[in-house]
Amino acid sequence: MGEGFGKGCHLHLIDGSAFIFRAYHALPPLTRKSDGLPVGAVAGFCNMLWKYVTDERGHDAPTHAAVIFDHSSKTFRNEIYTAYKANRPEPPEDLRPQFPLTRDATRAFNIACIETQGYEADDIIAALSCKARDAGGAVTIISSDKDLMQLVGDGVQMLDPIKGKPIDRDEVFEKFGVYPDRVVDVQALAGDPTDNVPGAPGIGIKTAAQLITEFGDLESLLARADEIKQPKRRQTLIDHADQIRISKRLVELDCNTPLDFTLESLEVRAPDAARLLAFLSEMEFRTLTARVAEKLGAEAPAVVSAPPREAPAAPDLPPIDRSLYETITDREALDRWIQLIRDTGQVAIDTETTGLDEMQADLVGVCLAVAPGKACYIPVGHVAGGDDLFGQSAPVAGQLPLADVLAALKPLLEDPAILKIGQNLKYDWKMLARHGIRMAPLADTMLMSYALNAGTHNHGMDELAERYLGHKCIPIKDLIGTGKAQINFGQVPIDKAAPYAAEDADVTLRLFQHFAPLLPVERVTTVYETTERPIVPVLAAMEMAGIRIDAEVLRRMSGAFAQKMAQLEDEIFALAGQRFTIGSPKQLGEILFDKMGMTGGKTGKTGAFSTSADVLEDLAAEGHDLPARILDWRQISKLKSTYTDALPTFVNPDTGRVHTSYSIAGAQTGRLASTDPNLQNIPVRTEEGRRIREAFIAAEGHRLVSLDYSQIELRILAHVADIPALKQAFREGIDIHAMTASQMFGVPVEGMDPMIRRRAKAINFGVIYGISSFGLSRNLRIPRAEAQDFIDTYFRRFPEIRAYMDRTLADAKADGSVRTLFGRRINTPGINQSGPAAGGARRAAINAPIQGAAADIIRRAMIRMPAAIAHLPARMLLQVHDELVFEVREDAVDDLIAIARDVMEGAADPAVKLSVPLVVDAGHGANWAEAH
DNA sequence: ACGCTCACG
DNA sequence: GACGTACGTGAGCGTA
C-alpha cells in the first residue's frame with residue numbers, strides 16, 4: 001500500500017452496473033436525434049453521476065473515488081458452476097450499445113473507471129474495500145446490492161444511492177438475520193434465483209439465519225448436520241452439502257482479486273469542463289449540457305451530431321498458415337480446446353455438413369478458432385471414401401463420437417458468457433438446434449459486413465476474405481468436385497477436409513476482428529445490434545417450424561394445368577400454322593414478328609424481339625388471338641412449373657412441412673429474401689394463382705393468421721418527406737389514393753371516378769420507385785407527355801416530395817450512401833456515374849431509405865414477437881416483406897391477433913417517433929388464401 | 001452461365 | 001436532344 005492512502009482518506013466505490021440498469025429502467029427510451037442511437041440509460045447515468053458529483057457532503061467528502069463495472073465476459077464463478085447467472089436474460093437490445101458509452105461518460109466526468117476481465121464488479125469492490133480498510137481509511141460503497149452487504153463493517157459502509165440512506169451493520173442484520181460476517185453463510189444456504197445460485201432446496205433466508213445463529217457458522221452446521229431436529233431439513237443439508245459449499249464460493253467475494261492500479265490513482269479530481277461538455281454535447285443532452293456549463297462556468301458547446309471518427313488502424317496479423325491447424329481426435333485434446341475457449345471468452349465456430357439443406361444434412365465436423373491462426377477441426381461424421389457396391393459407407397476410424405463431442409461442447413455453446421462468432425450463423429444455429437443445442441450469444445461476420453457494406457458487394461465468406469484479409473480460401477469444389485461426380489463433405493478424407501474447415505473458422509475470427517471496431521466508427525452499431533444480430537434465432541425458429549402444405553391438392557392442380565396447357569398448345573399451333581417450343585422467346589418472336597408480321601420492337605442488348613407480357617397484351621388488344629393464347633399458356637405454365645410441381649418436392653420427409661430459408665444479407669435494402677423454396681412470391685393477384693394458397697394449410701386444430709402493414713411505404717414517405725397533406729390523410733384514415741387524386745385534379749373524394757383514382761395510385765407508387773414519365777406512361781398506357789403532366793401536377797401539389805428526393809440524392813452523392821430512419825446504411829456506389837446507368841442508381845437511392853425503413857420496422861416487430869407471444873399456442877411461420885403469417889391454435893386466434901398487431905404497430909418505437917400511425921390488417925382461416 | 005419471363009411486396 | 005428507365009427480390013426455362 002502506498003503512502004497516498006491511509007488514515008483520514010475516504011474511498012467512494014460506485015457500483016456502475018447497478019447505476020446503468022437503474023437509469024435504463026427509470027427513464028423513457030430516449031434516442032440521439034441525429035442518428036437514433038439509444039442513449040436513455042446513458043442520459044440517466046450521467047444525471048446520476050452529475051448529482052453525485054455536485055452533492056454537498058461537507059467533512060464526509062471522498063478523497064478517492066471510482067466507478068466499477070462488470071466486464072462482459074465469463075468469470076471464475078462459471079468455472080466453479082457453469083450455470084452461474086445462466087438464467088440472466090440478455091440485456092435489452094437498446095441497452096447493449098450503451099454499455100461502452102457509460103464507460104466513456106465516467107471518464108468524461110474525470111472519475112476513475114474500472115473493470116477487469118474475468119471478475120465481477122463486486123469482486124473489485126471487495127478487493128478495494130479490503131485494501132483501503134487495511135490501510136486505515138474509510139470506504140463507502142454506493143450501491144444497494146445485497147451481495148455487497150457481506151463487506152459492511154470495520155470502516156466500510158454502504159449508501160443506497162436512491163434513498164441516500166446509509167446501510168450499516170444493523171440494516172444488514174435486518175435484511176439477513178445475521179451480521180455481515182455471516183451473510184455469506186446465509187446466502188449459501190438460501191441460494192439466489194436471480195444469479196442461479198442453487199443453495200439448499202427449501203431453505204430461505206429466515207431458516208438459513210436461524211440455522212447459522214444456532215450452529216455458529218456454515219462449516220459447523222454442515223459438520224453437525226445430523227443434530228438438526230427437523231428430519232426433512234436435516235436430510236436436505238446432508239444431501240446437498242456439496243451444492244451448499246459451491247454456493248458459498250459463488251456468493252463469497254474475493255478480497256484478493258488482482259488490481260492492476262493503485263489506490264492513489266483513484267484520487268478525486270475536479271471535472272475537466274471542456275472534456276465533460278464535449279462528451280455531453282456529443283450525446284446531444286441539451287439540458288444537462290447547459291446545466292453543467294452553467295455550474296462549471298464554461299460556455300456550452302453547440303449540440304450537433306458527432307463528426308465521423310477515424311477508423312482504427314488494423315493490427316498486423318500473422319498470415320494464414322493451414323499447416324498450423326489441429327485435428328482433434330481424442331478427448332484430451334477436445335477438453336484442452338474447451339478450456340482454451342473458456343479462458344478466451346469467445347470462439348469462432350463453423351459446422352461442416354453433408355449438404356446445403358440444414359434441415360436434412362448430417363453433421364460431419366465442427367471447426368473452432370480462438371485467435372488468428374489458432375484453429376482446429378473436430379471430425380465426427382467422415383465416412384470411407386467411395387461407396388461400396390451396396391451404397392454403404394463405413395465411418396472412418398479415429399473420430400470422436402458425435403454425441404460425445406456435442407455433449408462436451410453444449411455447455412460452452414450455450415454459455416451466455418462466451419461469444420460465438422460465425423459467418424452466416426443461422427445455418428450452424430439450426431444444425432446444432434437439431435441436436436438440442438441453442439447457441440447464444442452470437443456474432444455474425446456476414447451481418448457485420450451487411451451493416452457496413454450493403455450495396456457495395458456481397459457478403460459471402462470467400463468474398464470477404466479476399467477483400468478484407470487479402471486471402472483466397474480453398475474453394476469447396478477442390479474437395480467435393482462438381483456436377484455428377486460431386487461427393488458430400490463426409491466423404492472427403494479428414495486430412496484434406498481439416499485444413500479447409502479450420503481455415504473457415506480462422507478466417508471468420510479474423511473477419512470479426514476486422515469488422516468489430518468499424519461498426520461504431522461507421523455508426524452502424526445500432527443497426528447491427530438491434531436489427532441484424534437478434535434476428536438470427538428468430539428466423540432460425542421460423543424456418544425450423546416450416547409450414548404445412550397439402551401436396552395432394554397441388555398434384556391435382558398440376559394435372560388440371562397439364563390438361564389446360566395441352567388444349568392451349570393445340571390452339572396455339574393451329575393459329576401459328578406450325579409446331580414450336582412455346583416457352584422459347586426466340587422462337588415465339590420469330591413467329592409473331594417475322595412470320596406473321598405483327599408490329600413489335602426489338603430490344604437492346606441481344607437484339608432479340610421482346611415477347612414480354614406487356615408486348616403481348618398490346619398485340620392482344622389489337623385483336624390478335626395468338627398472343628392472347630400465349631399469355632394464357634404462360635400463366636398456367638408458370639403456376640405449374642414454379643408452384644404446383646415444385647412445392648411438393650420441398651416437403652421435408654421428417655416434418656411433413658415445407659421449410660424455406662431466409663437470406664438476411666441478400667437484398668441491398670434490408671429486406672429479407674426467401675429461397676429453397678421462395679415463399680415470398682406465392683401467387684395472389686389472379687384468381688387461379690390464389691388457389692395455390694389454398695394448399696398452404698394450418699395444422700390440425702389450428703388456423704393460419706396473416707397480419708400485414710397497410711401502405712407502410714407511403715406512410716414512411718409521408719413521414720420522412722414531411723408531407724402535411726399525406727400525413728393528415730393517414731391520421732384521419734382517408735383512402736390515400738383517392739385523396740391524392742382529389743388534391744391533384746381538384747375533384748371531391750366522395751364519388752371518385754375509379755379511373756382517376758387508379759392514376760393517382762400509380763403515381764403514388766411511382767414516387768416511391770423514383771418516378772419517370774416513361775415508366776408512368778407505360779404503366780398507365782398513356783402518352784408520355786400526359787404522364788409528364790401528371791408528374792408535374794403531383795410535384796406542384798406535394799412540393800415536399802421533390803425536396804426530399806433532392807435531399808436524398810445530395811446525401812447519396814456526398815456520402816456514397818443513404819440511411820433509413822433507423823440508421824441502416826445502404827451504399828450507393830453508382831451514384832456519381834454519368835450516362836444511362838446514373839438514372840438507375842438515382843432511383844435506387846431514392847427508393848432505398850423508404851423500402852429499407854419498412855424492412856427495418858418489420859424486422860423490429862419480428863425480433864420482439866417471440867417473447868410477446870410466448871404464452872400463446874402460436875408460432876410465427878413466414879414473412880412476406882409487409883406481412884407476417886402465424887399458425888395458432890383455434891382458441892387463441894383473437895389473442896394472437898391483438899398481441900401481434902400491437903407489436904407490429906408499435907415496432908418503430910422507441911427508436912423513431914413516427915408522425916403517422918402504422919396500421920395492421922389481420923385475417924385468419926384454415927389456409928393462407930382464407931387468411932389473407 | 002446468362003438472359004428472359006414472371007411470381008411477389 | 002438523346003440516352004434508357006419505374007424499386008427490391010428468386011425460380012424455371014431455353015439457349016449458348
Side-chain angles (χ1 to χ4, degrees), chain A residues 454-455 482 580-589 603-617 630-631 633-647 649-650 660-663 666-686 688-690 692-693 708-714 717 762-780 784 787 791 818 826 834-852 854-855 858 878-884 928 932:
Chain A
T482 54
F580 65 103
T581 307
I582 304 171
S584 162
K586 184 167 173 279
Q587 293 182 33
L588 176 64
T603 55
K605 277 181 235 163
T606 56
F609 294 112
S610 172
T611 66
S612 63
D614 50 354
V615 171
L616 298 189
E617 278 163 19
I630 299 283
L631 284 168
W633 182 91
R634 277 205 185 144
Q635 194 203 355
I636 293 165
S637 167
K638 176 81 175 180
L639 296 178
K640 182 172 185 289
S641 66
T642 308
Y643 302 105
T644 58
D645 286 352
L647 281 172
T649 70
F650 282 100
T660 184
S661 182
Y662 290 100
S663 47
Q668 321 279 304
T669 53
R671 273 194 178 181
L672 301 177
S674 160
T675 65
D676 309 302
N678 181 354
L679 296 185
Q680 290 180 323
N681 72 344
I682 302 303
V684 70
R685 290 173 186 170
T686 66
E688 270 173 314
R690 197 155 43 237
I692 290 169
R693 293 198 174 211
D708 67 292
Y709 284 107
S710 162
Q711 309 281 12
I712 187 164
E713 293 191 352
L714 271 179
L717 175 71
I763 297 174
N764 275 334
F765 278 107
V767 164
I768 292 172
Y769 299 146
I771 198 161
S772 76
S773 61
F774 180 90
L776 185 64
S777 73
R778 202 171 64 174
N779 188 291
L780 286 177
R784 208 169 144 178
I791 293 171
V818 292
I826 297 131
S834 56
R842 289 178 51 223
R843 290 190 296 272
I846 288 167
N847 174 259
I850 301 170
Q851 189 180 113
I858 197 164
L878 302 178
Q879 189 250 42
V880 195
H881 309 308
D882 65 358
E883 173 190 11
L884 294 175
W928 198 1
H932 207 274

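Values below: all heavy atoms of this structure, side chains included; hydrogens, waters and symmetry mates excluded. Just so we're clear, the structure is a prediction, and the values are computed from it rather than from any experiment.
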Contact state string [nucleotides 11-16 of chain C, B base, S sugar-phosphate only, - no protein heavy atom under 4.0 Å]:
BSSSSS

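- When rounded to the nearest whole Å, the span between CD of A:E617 and P of B:dT5 equals 13 Å.
- Closest approach of A:D676 to A:F650, counting heavy atoms only: C-CE2, 3.5 Å.
- Nearest to the side-chain atoms of A:N847 among the listed nucleotides C:dG8, C:dG10, C:dT5 stands C:dG8.
- Nucleic acid contact for A:A848: none, since no nucleic acid atom lies under 4.0 Å from a heavy atom of the residue.
- Interatomic distance, A:L717 CG to A:I712 CD1, rounded to the nearest 0.5 Å: 12.5 Å.
- Here the nucleotide nearest the side chain of A:A762, chosen from B:dC6, C:dA6, B:dC8, is C:dA6.
- In this structure, A:S637 contributes its side chain and A:W633 its backbone to no donor-acceptor pair below 3.5 Å.
- Between the side chain of A:S584 and the main chain of A:Q587, a donor-acceptor pair closer than 3.5 Å is present.
- As judged by a 4.0 angstrom heavy-atom cut-off over every strand, A:Q668 is placed among residues touching the sugar-phosphate backbone only.
- In this structure, A:N779 reaches the bases: a heavy-atom distance under 4.0 Å links it to at least one base atom across the strands shown.
- Considering only heavy atoms from C-beta on, A:Q680 comes within 4.5 Å of A:L672 through its side chain.
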Dot-bracket summary - DNA chain C, pairs being Watson-Crick or G-U whose distances fall under 3.5 Å, with | when paired to another strand
......|||||||||.

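- Look at the C1' atom in both C:dC3 and B:dA7: the space between them is 31 Å, to the nearest Å.
- A close approach under 4.0 Å does occur between a side-chain nitrogen or oxygen of A:R778 and OP1 or OP2 of C:dA6.
- Listed nucleotides: C:dA6, C:dC7, C:dT9. Nearest to the side chain of A:Q851: C:dC7.
- When the shell of 6.0 Å around CZ of A:R842 is examined, it contains 12 or fewer heavy atoms from other residues, nucleotides or ligands.
- Counting non-hydrogen atoms under 4.0 angstrom, A:I682 reaches the backbone sugars and phosphates but no base.
- The distance between atom CZ of A:R842 and atom P of C:dC3, rounded to the nearest whole Å, is 18 Å.
- Between A:R843 and C:dA6 there is no side-chain N or O to OP1 or OP2 distance below 4.0 Å.
- Across the protein-nucleic acid pair, A:Y643 atom OH and B:dC8 atom C1' stand 7 Å apart, rounded to whole Å.
- Spacing between atom CD of A:Q635 and atom C1' of B:dC8 amounts to 14 Å, rounded to whole angstrom units.
- Listed nucleotides: B:dC6, C:dG8, C:dG10. Nearest to the side chain of A:R634: B:dC6.
- Considering every non-hydrogen atom in both A:G455 and A:Q668, the closest pair reads CA-OE1, 3.0 Å.
- Set against C:dA6, C:dT5, B:dT5, the side chain of A:R784 has C:dT5 as its closest nucleotide.
- Across all strands shown, A:I768 has no heavy atoms under 4.0 Å from either base or sugar-phosphate atoms.
- Taking both residues in full, the closest heavy atoms of A:R671 and A:A855 are given as N-CB, 3.6 Å, listed atom of the first, atom of the second, then distance.
- Look at the P atom in both C:dT5 and B:dG3: the space between them is 13 Å, to the nearest Å.
- Side-chain N/O atoms of A:R685 and base N/O atoms of B:dG9 include a donor-acceptor pair closer than 3.5 Å.
- At least one donor-acceptor pair under 3.5 Å links the side chain of A:S674 to the backbone N or O of A:P677.
- Side-chain N/O atoms of A:S610 include none lying less than 4.0 angstrom from OP1 or OP2 on B:dC4.
- Following rounding to the nearest Å, A:L717 (CG) and C:dG8 (P) show an atom-to-atom distance of 16 Å.
- With A:T660 contributing its side chain and A:T675 its backbone, the two residues share a donor-acceptor pair below 3.5 Å.
- When the C1' atom is compared between C:dA6 and B:dC2, the two are found 24 Å apart, to the nearest whole Å.
- The nearest whole Å value for the distance from the CG atom in A:D708 to the P atom in B:dC8 is 15 Å.
- Counting to the nearest Å, the P atom of B:dC6 and the CD1 atom of A:I636 are 14 Å from each other.
- Considering every non-hydrogen atom in both A:T669 and A:Q851, the closest pair reads OG1-OE1, 2.7 Å.
- Between the CD1 atom of A:I763 and the C1' atom of C:dC7 there is a distance of 17 Å, given to the nearest Å.
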